[in-house]
Amino acid sequence: MITGKTISTINHNNDKSFPNNQDSVDQFMIGAKVTQVKRRAKVLLIELSTNYTIMVHLKMTGQLVFVAEATNQTRNTKLEIRNKLERQKSLNEESFEFRVSNLEIPKSEELRFGAGHPNDSLVGSLPDRSTRVTLHFTDETKLYFNDQRRFGWVKLLPTGLVQDEPFMKKVGPEPLEPEFTSDVFTTRIKRRKGTSVKAAILDQTVLAGVGNIYADESLWAAKIHPASIVGSLKNAQLVQLQREIVDVMNLSIEKGGSTNKNYVDAEGKRGSYMEFANVFRREGQPCNRCGSIIEKSRVAGRGTHTCPSCQVAPAI
DNA sequence: CACTTGACCTGTCCGC
DNA sequence: TGCGGACAGGTCAAGT
């Protein structure tokens, strides 16, 4: 979508969100053309014709919104109001599905595409108070980086140095690549044999991309309790967990892509995630497999959802 | 080294 | 109604 576009100007208002030296920005970002957009683990890589790369991490509340053509102020105000009514139902989503949605805004001249954590900024007028960085392109289109909590960042560095970033060096394999076999997974997770299986799969050095939602979902699917110590699990359980991780991630991408275009509709605002989540944020509701009531607890310092029947807690 | 906990932020929700 | 505190969660630094 932004490939081929040339950056004209940049606005940023927060050094944490945009930790870049002004000279580098002037020299290697302004006037640069986007040559390619890639992703590695939870990092988005926007490669530029200057041999520099813009790294973007959304962390928990970041989002990217691409806007073409003029903003229709009146229409956006209406959408904001409607959106607020639905806010109670809205859910955060795993940040790096990077689901790209074509927002249907009838009678509007505006074209928007959003990716990341859904919130009002996707439909409200931009920039808003969560906007940290705005990239303006020479064709008058814009890319907004919004991030309520300022955990995410937009970092410029020479393309050749991306692979030397500490995180890029240590991050594990991509779960949806063919190289991610059960052998690779079991070998890598056993490096964390003394810790809980949930902590192990959340560890980005074991594999890339599993966050709190996918961790709970895949462990439920594999019928493994999140607090189970890795070393206590049978090989067959780890093999099945590997399969479930892949399935959950594939399913989330599929679901996100299929329903998210109705995003701004009242129904769509719920987020497609709820349609496939079996345990996440379903505490108090019946397990889809056995009917037992889903419980919420804390494992690995995270809110954790389990079925007390399907996922037997380990003896302490 | 393996592992756990707290910090980073800001908005929301819950209980008093 | 206001207010303090818990919570949300990806990653890293500091601690055990």
Side-chain angles (χ1 to χ4, degrees), chain A residues 13-19 39-44 55-64 80 83-98 115-122 124 128-133 145-155 165-172 174-175 188-219 226-232 249 252 269 271 273-274 277 279-284 296-305 314 316:
Chain A
N13 58 17
N14 182 268
D15 288 346
K16 275 185 62 73
S17 307
F18 194 77
R39 178 194 63 79
R40 172 73 175 108
K42 301 181 186 179
V43 178
L44 188 67
M55 293 180 74
V56 182
H57 201 310
L58 304 181
K59 294 290 179 84
M60 284 82 66
T61 54
Q63 60 176 199
L64 289 168
E80 276 179 22
N83 207 25
K84 279 193 166 64
L85 295 175
E86 289 296 320
R87 184 189 283 163
Q88 303 292 334
K89 301 174 189 167
S90 76
L91 292 171
N92 266 345
E93 302 212 8
E94 200 77 7
S95 25
F96 280 79
E97 293 170 24
F98 277 118
H117 299 278
N119 69 20
D120 292 350
S121 295
L122 279 175
D128 67 13
R129 65 180 164 159
S130 77
T131 301
R132 310 298 172 201
V133 183
F145 171 73
N146 303 322
D147 184 22
Q148 172 187 109
R149 289 169 68 181
R150 307 181 197 227
F151 278 20
W153 38 254
V154 174
K155 197 155 57 171
E165 286 285 289
F167 178 83
M168 301 302 272
K169 275 176 146 171
K170 70 184 187 189
V171 69
E174 294 287 333
R188 295 185 73 89
I189 198 171
K190 282 174 184 170
R191 299 190 320 198
R192 303 292 311 273
K193 59 181 161 59
T195 193
S196 67
V197 65
K198 176 159 179 173
I201 62 175
L202 286 172
D203 183 344
Q204 300 297 296
T205 72
V206 173
L207 78 162
V210 174
N212 204 36
I213 301 175
Y214 298 154
D216 283 3
E217 291 296 319
S218 56
L219 287 163
S228 307
I229 302 303
V230 172
S232 75
M249 296 191 98
S252 74
K269 180 62 181 167
Y273 186 79
M274 276 302 280
V279 284
F280 191 79
R281 293 197 179 164
R282 288 196 67 240
E283 61 268 31
K296 184 169 182 184
S297 61
R298 273 193 109 67
V299 176
R302 302 278 169 236
T304 297
H305 309 75
I316 300 170

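Proteins come first, then strands; the chains are lettered A, B, ... in the order of their sequence lines, and each starts at number 1.
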Margin query: Tell me the interatomic distance from A/L58, atom CG, to C/dG10, atom P, rounded to whole angstroms.
Written below: 12 Å
Notebook entry, point to check: Which residue pairs satisfy the salt bridge (Lys or Arg N to Asp or Glu O under 4.0 Å) criterion with at least one member in residues 198-207 of chain A, sequence neighbours excluded?
Noted result: A/R192-A/D203, A/K198-A/D216
Item checked: Polar pair under 3.5 Å, donor/acceptor by atom type, side chain A/R298, base B/dT5 -> no
Next item on the list: State, yes or no, whether a side-chain contact exists between A/W153 and A/K59 at a heavy-atom distance under 4.5 Å.
Entry: yes
Check: How does DNA chain B look in dot-bracket notation if pairs are Watson-Crick or G-U with both distances under 3.5 Å, crossing ones as [ ], other-strand ones as |?
Finding: .|||||||.|||||||
Notebook entry, point to check: Should A/I201 and A/L219 count as side-chain neighbours, where that means a heavy-atom distance under 4.5 Å?
Noted result: yes
Next item on the list: Output yes when a side-chain donor or acceptor of A/Q204 lies under 3.5 Å from a complementary backbone atom of A/L202, and no otherwise.
Entry: yes
Checklist line | Whole-angstrom distance between B/dC9 and C/dA14, as gauged at atom P | finding: 15 Å
Next item on the list: Grab the CD-C1' distance between A/E165 and C/dG10 for me, whole Å please.
Entry: 16 Å
Item checked: Contact nearer the 5' end of DNA chain C, comparing A/P166 with A/G301 -> A/G301
Note to self: From CG of A/N212 over to P of C/dT11, roughly how many Å is that when rounded to an integer?
What the structure shows: 12 Å
Notebook entry, point to check: Can you check whether A/H57 has a side-chain N or O nearer than 4.0 Å to OP1 or OP2 of C/dG10?
Noted result: no
Note to self: Output the rounded distance in Å from CE (A/M55) to P (C/dG10).
What the structure shows: 17 Å
Distances for protein N/O vs nucleotides 1-3 of chain B N/O pairs under 3.5 angstrom?
| residue | atom | partner | partner atom | Å |
| --- | --- | --- | --- | --- |
| B/dC3 | OP1 | A/G194 | N | 2.5 |
| B/dC3 | OP2 | A/R192 | NE | 3.2 |

Next item on the list: For B/dG11, take OP1 and OP2 only and decide whether either is under 4.0 Å from a side-chain N or O of A/R129.
Entry: yes
Next item on the list: Round to a whole Å and report the spacing from CE of A/M60 to P of C/dT11.
Entry: 9 Å
Item checked: Spacing of A/R281 atom CZ relative to C/dA8 atom P, expressed in whole Å -> 8 Å
Item checked: Whole angstrom value for the distance that separates P of C/dT11 from CG of A/D147 -> 13 Å
Check: Atom CZ of A/R302 and atom P of C/dC12: how far apart are they, to the nearest Å?
Finding: 13 Å
Notebook entry, point to check: Between A/K170 and C/dC12, is there a side-chain N or O to OP1/OP2 distance below 4.0 Å?
Noted result: yes
Check: When you look at A/E174 and A/R39, which way does the side chain to side chain contact (heavy atoms under 4.5 Å, CB included) test go after all the steps?
Finding: CA-CA 10 Å; A/E174 294 287 333; A/R39 178 194 63 79; 3.1 Å; yes
Margin query: Check whether A/N13 reaches the backbone of A/T131 with its side chain - one donor and one acceptor, N or O, closer than 3.5 Å.
Written below: yes
Note to self: With a sphere of 6.0 Å drawn around CG of A/D15, does it hold more than 12 non-hydrogen atoms of other residues, nucleotides or ligands?
What the structure shows: no
Check: Side chain of A/R132, backbone of A/F145: donor and acceptor closer than 3.5 Å?
Finding: no
Next item on the list: Using the closest heavy atom to pick a nucleotide of DNA chain C for each, name whichever of A/F167 or A/G303 lands nearer the 5' end.
Entry: A/G303
Next item on the list: Determine yes or no for a side-chain-to-main-chain donor-acceptor pair under 3.5 angstrom, with A/R302 supplying the side chain and A/A199 the backbone.
Entry: no
Notebook entry, point to check: In terms of side-chain heavy atoms of A/K296, which of C/dG10, B/dC9, C/dA8 is nearest?
Noted result: C/dA8
Next item on the list: Using only side-chain N and O atoms of A/K16, determine if any of them is under 4.0 Å from OP1 or OP2 of B/dC8.
Entry: no
Check: Does a side-chain N or O from A/Q204 land closer than 4.0 Å to OP1 or OP2 of C/dG10, or not?
Finding: no
Note to self: With a 4.0 Å cutoff (strictly under), does any side-chain N or O of A/K198 reach OP1 or OP2 of B/dT4?
What the structure shows: no
Check: Considering only heavy atoms from C-beta outward, does the side chain of A/V279 approach that of A/E217 to under 4.5 Å?
Finding: yes
